[in-house]
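Data first, discussion second: the structure below is written as structure tokens.
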Amino acid sequence: GAVVSQHPSWVICKSGTSVKIECRSLDFQATTMFWYRQFPKQSLMLMATSNEGSKATYEQGVEKDKFLINHASLTLSTLTVTSAHPEDSSFYICSASRPGPYGYTFGSGTRLTVV
Amino acid sequence: GENVEQHPSTLSVQEGDSAVIKCTYSDSASNYFPWYKQELGKRPQLIIDIRSNVGEKKDQRIAVTLNKTAKHFSLHITETQPEDSAVYFCAASRGGREKLTFGTGTRLTIIP
């Protein structure tokens, strides 16, 4: 079946530093990648949508200069949290889709802790 | 944009009984409705989905019903087991490359 590999699974960083999260589709071409954030005991909230080769579309309230998304190829999308602050601590998870009745394939998630 | 409401937020049922979780959506163009089970710190796991051309779908102990006119869909779990304890999310999408909007989640606890 379709697999999306997400790394790192967890990361601790200092305030003010940047962190990059990668999602790779291993056996299919992810034409669209969705990035979600999930705070404890809450639902998955969509941050942005990226289509391969295009600029990402951000949801209302999500700072595009803080959360940089790159989707340069059909198998790799990255989310960079810049100048991280403790309030950015959360569970970040990607989800890939492709044309056709295939649904959505989720990465394993990244637990980010900013100290 | 799409808005998905989910009820109840918590649900406790005796082992062997049935559990029902309900969702409503707002976007009449939505045509794909998956249900996910999520354990702490893990990715959502698809347990069943339904598309708008179908009113009901069943997979062993799990079933989903869809009422497009009323814009609501429900998850039914029968003969519940302790391993069914988890957080369940409904979601809705226009399908294809369109975004998936999640409900608020239901914490299901099965009491042995």
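So that the names make sense, note that chain A is the first sequence line, chain B the second, and so on, each numbered from 1.
- Salt bridge A:Glu22/A:Lys20: absent, no basic N to carboxylate O contact under 4.0 Å.
- A:Ser43 touches chain B through backbone and side chain together, each having a heavy atom under 4.5 Å away.
- With a threshold of 4.5 angstrom between heavy atoms, B:Gln6 does not approach chain A through any atom at all.
- The aromatic rings of B:Tyr36 and A:Phe106 stand perpendicular to each other, their planes meeting at an angle above 60°, with 30° marking the opposite boundary.
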Exercise for review: Could you give me the CA-CA distance, side-chain angles and deciding distance for A:Tyr58 and A:Phe67, then say whether ring pair (Phe, Tyr, Trp, His ring centres under 6.0 Å) is met?
Suggested key: CA-CA 9 Å; A:Tyr58 291 80; A:Phe67 299 99; 8.1 Å; no
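- Contact annotation: the side chain of B:Ser30 never approaches that of B:Val4 to less than 4.5 Å [non-hydrogen atoms, C-beta and beyond].
- Ranked by heavy-atom pairs under 4.5 Å with chain B, the list A:Arg98, A:Gln38, A:Lys41, A:Met45 is led by A:Gln38.
- If you measure heavy-atom distances from B:Lys42 to chain A, the contacts under 4.5 Å come from the backbone alone.
- The side-chain contact (heavy atoms from CB on, under 4.5 Å) with B:Asp84 is formed by just one residue from the set B:Ile62, B:Ile77, B:Val13; it is B:Ile77.
- Contact of A:Gln60 with chain B is not made at all, since no heavy-atom distance falls under 4.5 Å.
- Counting heavy-atom pairs under 4.5 Å between each of B:Gly105, B:Gly1, B:Gly41 and chain A puts B:Gly41 at the top.
- Ring geometry for B:Tyr25 versus B:Phe33: interplanar angle of 30 to 60°, hence tilted.
- Contacts of A:Leu44 with chain B are made by both backbone and side-chain atoms, with heavy-atom separations under 4.5 Å.
- Contact of B:Tyr32 with chain A is made through the side chain alone, with heavy-atom distances under 4.5 Å.
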